[in-house]
2 protein chains.
Amino acid sequence: MDTKVSKRGGYHHGDLRQAMIDAAEAVLAEKGVGGFTLRECARRAGVSPAAPAHHFGNLVGLLTAIATLGFDDLSQEMETAVAKAQASGGDRLAAICEAYLAVALARPGRFRVAFGRLGLKNNDEELRRAAIRAFGILVRETKLALGHEIDSDVLTRLPSSYAGDLDLAEILFVWSVTHGFSTMLIDGQLAPLEMQPGGRGRLIALYSGRLMEMLLAAVRASASLTLANPASHG
Amino acid sequence: MDTKVSKRGGYHHGDLRQAMIDAAEAVLAEKGVGGFTLRECARRAGVSPAAPAHHFGNLVGLLTAIATLGFDDLSQEMETAVAKAQASGGDRLAAICEAYLAVALARPGRFRVAFGRLGLKNNDEELRRAAIRAFGILVRETKLALGHEIDSDVLTRLPSSYAGDLDLAEILFVWSVTHGFSTMLIDGQLAPLEMQPGGRGRLIALYSGRLMEMLLAAVRASASLTLANPASHG
DNA sequence: CATCAAACTTGACGCCGTCAAGATAACGCA
DNA sequence: TGCGTTATCTTGACGGCGTCAAGTTTGATG
């Protein structure tokens with residue numbers, strides 16, 4: 001994780017871009033998104049405050065890189081979870097929802113940067129690609145759970161192309177539950193509930209258990225409803 | 001909304017506390033939580049940067065006051081929505097969920113301050129009371145939808161006291177859907193979907209329509225499940 | 001009217017992000 | 001090999017930020 005400074009002989013760093021990203025992740029992990037500072041990251045990378053400008057443009061550029069990393073990590077963890085569920089006979093949709101929460105809990109600072117919209121370069125190509133892929137996985141698994149066909153380009157299709165999709169409600173429903181629970185947990189909304197015996201683990205168990213049951217039941221019910229009366233949608 | 005400066009004769013302001021809150025709300029509305037600054041608020045209130053310290057302690061104190069206002073507003077809007085639903089025969093639970101979203105959309109900056117945990121005085125008595133009341137309404141309506149009894153002190157009970165509650169899963173489920181959709185919308189996660197014809201209104205309609213149907217169905221299903229096999233919970 | 005506490009200002013401190021100008025090092029090409 | 005070009009990094013400065021200590025003004029209280 002550290003990149004260890006390949007060869008920091010003198011004036012030139014070697015790989016400042018990666019060093020800054022590593023430093024940023026460390027700062028986010030230690031102080032959270034509140035105590036995040038460009039100068040602090042530069043300090044940790046052993047470089048002057050103005051150095052990162054050439055690599056990231058400005059603070060927003062660095063945050064955008066972090067967010068991209070966050071989306072890619074999310075995609076990877078969800079895919080891994082899907083594979084594991086497939087092998088063990090578990091539910092794929094529940095697996096990605098649990099992976100989503102796990103990613104948020106593992107790196108809440110990065111998660112907030114990715115989803116908090118502190119101000120990111122929204123036209124950044126890498127960020128867009130990473131976000132689309134993560135969204136695509138969600139779409140794919142939801143449609144799969146509904147027993148519907150999925151296009152071969154799910155992981156690259158623009159989210160806007162789902163505006164009129166028949167399954168949009170289910171997709172948003174699944175995403176809302178997952179994202180809502182994740183953000184409430186890392187933002188401390190559920191802190192009072194975590195103080196009780198069992199703490200956070202108890203809440204996570206509830207999420208992976210009853211909440212997932214409810215979620216899957218809702219999606220399945222919606223699927224049969226769709227079959228019974230497809231006209232009531234849109 | 002303006003408080004109009006009661007009598008700003010000279011050195012003393014008159015009601016700086018309220019003036020600061022008004023200014024803060026205005027700044028949040030104009031520039032969002034990103035461009036929010038204590039100095040800017042003080043400037044608008046026509047006062048030196050150090051003046052607010054005596055009323056709020058520091059920036060966190062001001063944000064805490066804003067958050068308290070946000071929670072109180074949320075409670076009020078939810079109660080109003082409940083009353084309206086009761087009168088019109090609509091669903092009460094769906095009503096508070098829609099009110100929740102409406103509040104977030106009406107004042108996204110304030111909503112983010114209340115729920116974003118930028119750093120609030122979590123031990124503040126007023127904040128705690130306001131948050132507990134809002135949570136209590138959610139608990140009450142969820143239990144009502146489940147057909148369960150509600151205690152007379154729902155609006156003042158500590159959230160931690162629900163840690164072992166049989167309905168906690170349903171409560172968290174409802175809250176997760178609502179909070180998740182609301183935050184995703186105001187944080188721009190659904191921006192690509194808003195660009196299509198119909199825009200944001202179409203998404204909101206979907207939320208009030210199909211998503212609420214799914215939510216209510218999930219809660220009702222969970223209720224009958226509870227009756228059929230109460231031992232499978234906890 | 002004298003006193004005193006609360007409310008507000010002033011000035012300063014260290015931090016922040018960013019920019020312009022200069023120093024340095026790596027790289028391509030003769 | 002040597003030289004120029006270009007990317008990289010430093011330095012120094014700017015304005016803005018939150019906050020603190022010290023001083024000033026005001027309204028209230030006796």
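Letters A, B, ... are given to chains in the order of the sequence lines, protein chains preceding strands, and every chain is numbered from 1. Not measured: the values here are computed from a predicted model.
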Of all the nucleotides listed (C:dC19, D:dC9, D:dT19), which has the minimum atom distance to the side chain of A:A50?
->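 In terms of side-chain proximity for A:A50, the closest of C:dC19, D:dC9, D:dT19 is C:dC19.
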Would you indicate which nucleotide in D:dA21, C:dG17, D:dT11 comes nearest to any side-chain atom of A:R39?
-> C:dG17
Heavy atoms, side chains only, cut-off 4.5 Å: are A:F56 and A:I21 in contact?
-> yes
Whole angstroms only, please: what is the [atom1]-[atom2] distance between [X] and [N]?
{"X": "A:D15", "N": "D:dC9", "atom1": "CG", "atom2": "C1'", "value": "15 Å"}
{"X": "A:R17", "N": "D:dC9", "atom1": "CZ", "atom2": "P", "value": "13 Å"}
{"X": "A:L38", "N": "D:dC17", "atom1": "CG", "atom2": "P", "value": "19 Å"}
{"X": "B:L59", "N": "D:dC20", "atom1": "CG", "atom2": "P", "value": "12 Å"}
{"X": "B:E40", "N": "D:dG18", "atom1": "CD", "atom2": "C1'", "value": "15 Å"}
{"X": "B:F36", "N": "D:dG16", "atom1": "CZ", "atom2": "C1'", "value": "16 Å"}
{"X": "B:M20", "N": "C:dC8", "atom1": "CE", "atom2": "P", "value": "11 Å"}

Show your reasoning for whether side chain to side chain contact (heavy atoms under 4.5 Å, CB included) applies to A:M212 and A:L93.
-> CA-CA 9 Å; A:M212 280 304 126; A:L93 187 56; over 6 Å; no
For the residue pair B:H179 and B:W175, does the interplanar ring angle fall in the parallel (under 30°), tilted (30 to 60°) or perpendicular (over 60°) class?
->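 The rings of B:H179 and B:W175 stand perpendicular, inter-plane angle above 60°.
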For the residue pair A:F181 and A:Y207, does the interplanar ring angle fall in the parallel (under 30°), tilted (30 to 60°) or perpendicular (over 60°) class?
-> parallel
Does the pair B:D165 and B:K143 meet the rule for a side chain to side chain contact (heavy atoms under 4.5 Å, CB included), with working shown?
-> CA-CA 11 Å; B:D165 194 288; B:K143 282 183 174 289; 3.0 Å; yes
Are the charged groups of A:R140 and A:D151 less than 4.0 angstrom apart, N to O?
->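 Not counted as a salt bridge, because no side-chain N and carboxylate O are separated by less than 4.0 Å.
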Assign a letter to each nucleotide of nucleotides 24-30 of chain D from its 5' end: B, base within under 4.0 Å of a protein heavy atom; S, sugar-phosphate only; -, no contact.
-> BBB----
Validate the cation-pi geometry between B:R133 and B:F71: distance from NZ or CZ to the six-membered ring centre under 6.0 Å, angle to the ring axis within 45°.
-> no
Using Watson-Crick or G-U wobble pairs with both distances under 3.5 Å, give me DNA chain D in dot-bracket, 5' to 3', with [ ] for crossers and | for pairs to another strand.
-> ||||||||||||||||||||||||||||||
So what does A:R43 touch, heavy atoms closer than 4.0 Å: a base, only the sugar-phosphate, or nothing?
-> sugar-phosphate
Quick one: label B:T37 by what it contacts on the DNA or RNA (base, sugar-phosphate, nothing), any heavy atom closer than 4.0 Å.
-> sugar-phosphate
Of all the heavy-atom pairs spanning A:E79 and A:L155, show the shortest one and how long it is.
-> OE2-CD1, 4.2 Å
Phosphate OP1/OP2 of [N] contacted by [X] side-chain N/O (<4.0 Å):
{"X": "A:H55", "N": "D:dC9", "value": "yes"}
{"X": "B:H54", "N": "C:dC8", "value": "no"}
{"X": "B:N58", "N": "D:dG18", "value": "no"}

Here the gap from B:T37 atom OG1 to B:K31 atom NZ, rounded to the nearest 0.5 Å, amounts to 7.5 Å
